[in-house]
2 protein chains.
Amino acid sequence: MPRSFGKGLGWCHGRFKGYGYRLTLSRQAILDVLSKTSEHLSAEEIYHHAYKIHPSSGMSTVYRTLELLAQLQLVYKFDFGDGRARYELNRGIEDKNHHHHHLICINCQRIINYTDFIDEEVELLNKTEKGLTKKYNFRIMKHILQFYGLCERCKEKK
Amino acid sequence: MPRSFGKGLGWCHGRFKGYGYRLTLSRQAILDVLSKTSEHLSAEEIYHHAYKIHPSSGMSTVYRTLELLAQLQLVYKFDFGDGRARYELNRGIEDKNHHHHHLICINCQRIINYTDFIDEEVELLNKTEKGLTKKYNFRIMKHILQFYGLCERCKEKK
DNA sequence: CTCCTTATTGGGAATAATTCCCACTTCCAA
DNA sequence: TTGGAAGTGGGAATTATTCCCAATAAGGAG
């Protein structure tokens with residue numbers, strides 16, 4: 001919403017206008033939802049939360065907006081293997097130190113953002129990226145690194 | 001089929017029986033298809049190929065069988081971001097040196113198995129895995145490492 | 001502030017991969 | 001040979017996502 005929106009998302013506004021996009025109430029509501037959670041919400045979850053802020057947003061709009069935001073790199077779109085996409089606000093633009101990878105429980109879907117070893121990981125990924133770019137003549141645009149397993153709780157029950 | 005099946009897949013037979021599963025014609029056909037390709041086939045592609053060998057296999061059976069094979073670790077199930085699962089025979093059991101990761105073209109879906117830097121990658125992944133296991137008390141069961149981009153050809157056209 | 005152009009929207013229908021269901025078949029061990 | 005369990009086919013059901021298009025709203029110009 002207008003008020004809370006100002007907090008940390010003002011920069012989005014410029015980004016939108018810069019590309020000729022309109023910052024509508026639906027889009028604000030969706031950005032607002034994403035900015036207020038640390039969870040990795042699905043489109044439907046975002047839809048439900050956005051509903052409370054701006055009740056007339058439909059699913060189509062949610063999907064379209066998320067697609068747009070992903071394209072603008074304002075959000076990341078992830079697949080954690082449970083058959084639906086999940087979205088996370090890209091906080092990295094204003095706040096470095098937020099770069100992380102994911103550890104996913106295949107039983108309860110709990111997701112942990114970890115930053116351990118992240119520097120080494122990023123270093124190796126960059127190196128590999130360079131090597132692959134050269135050898136296979138690719139233009140690499142993104143990578144995925146995820147660990148899957150059973151979390152503390154789910155491990156017991158099996 | 002029976003004859004060609006003997007080539008390199010004999011060990012599957014034992015694996016099946018060991019778990020009390022039956023090695024039916026449908027299952028043989030599917031394993032046969034997977035053993036004869038280096039591509040990453042989707043369930044539907046596997047279905048079509050298997051059809052030539054054993055025409056009465058239905059889609060349900062293909063999905064069920066692939067699920068079973070993945071569970072037995074005889075095949076790997078991958079998601080390359082194009083909305084359908086893809087499957088690859090696990091040749092690692094008899095043939096080391098086949099461990100690889102994937103480089104995927106987001107435009108034409110071409111997939112390259114690369115082994116460059118694989119030792120360093122595996123080393124870092126193992127280390128990270130150990131660290132995460134300890135810190136978050138997870139039982140890690142698998143990881144995903146993939147690079148996405150535009151291949152040589154698709155890069156030009158954009 | 002109002003008007004005009006055009007991006008954006010809602011919602012219902014369409015799509016597509018995968019899973020479900022269940023009567024029928026096949027396999028194997030006794 | 002037979003009984004029960006494992007496996008099967010195919011069509012229906014499920015589910016996330018995309019498509020479509022008439023109606024709406026954003027925001028710059030006047």
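Order of the sequence lines fixes the chain letters, A, B, ..., with proteins taken first and strands second; residue numbering starts at 1 for each chain.
Taking side-chain N and O atoms only, A/Arg64 has no distance below 4.0 Å to OP1 or OP2 of C/dA7. A sub-4.0 Å separation between OP1 or OP2 of D/dT15 and a side-chain N or O of A/Arg84 is absent. For the OP1/OP2 pair of D/dA26 and a distance below 4.0 Å, the side-chain nitrogens and oxygens of A/Thr24 include no atom meeting the criterion. Look at A/Ser26 and you'll find a side-chain N or O under 4.0 angstrom from OP1 or OP2 of C/dG10.
With rounding to whole Å, B/Tyr47 atom OH is found 16 Å from C/dA16 atom C1'. Atoms CZ (A/Phe16) and C1' (D/dG27) sit 15 Å apart, rounded to a whole Å. Across the protein-nucleic acid pair, B/Met59 atom CE and C/dA16 atom C1' stand 11 Å apart, rounded to whole Å. In this structure, the CD atom of B/Gln71 is 14 Å from the P atom of D/dA6, given to the nearest Å. Regarding A/Asp79, its CG atom lies at a distance of 9 Å from the P atom of D/dT17, rounded to whole Å. Rounded to an integer number of Å, the gap from NE2 of A/His48 to P of D/dA16 is 10 Å. Put simply, CD on B/Glu44 is 13 Å from C1' on C/dT15, counting in whole angstrom units. D/dG7 atom P lies 13 Å from atom CD of B/Gln28, rounded to whole Å.
The pair B/Glu45-B/Arg86 counts as a salt bridge, with a side-chain nitrogen and a carboxylate oxygen less than 4.0 angstrom apart.
For the residue pair B/Ser26 and B/Thr61, the shortest heavy atom distance occurs at CB-CG2, 3.8 Å. Here the closest non-hydrogen pair linking B/Leu23 and B/Gln28 is O-NE2, 3.2 Å.
In this model, no donor atom of one side chain and acceptor atom of the other lie less than 3.5 Å apart for A/His54 and A/Asp32. Residues A/Glu44 and A/Tyr63 have side chains that never bring a donor and an acceptor to within less than 3.5 angstrom of each other.
At a cut-off of 3.5 angstrom, counting only N and O atoms as typed in the model, there is a donor on one side and an acceptor on the other between the side-chain of B/Ser60 and the base of D/dG11.
Residue A/Ser42 is classed as having no contact, given no heavy-atom separation below 4.0 Å to the nucleic acid.
In this structure, B/Lys77 and B/Arg22 both approach DNA chain C, and ranking their closest nucleotides by distance from the 5' end singles out B/Lys77.
You'll find that the side chain of B/Tyr63 is closest to C/dT19, out of D/dT8, D/dT17, C/dT19.
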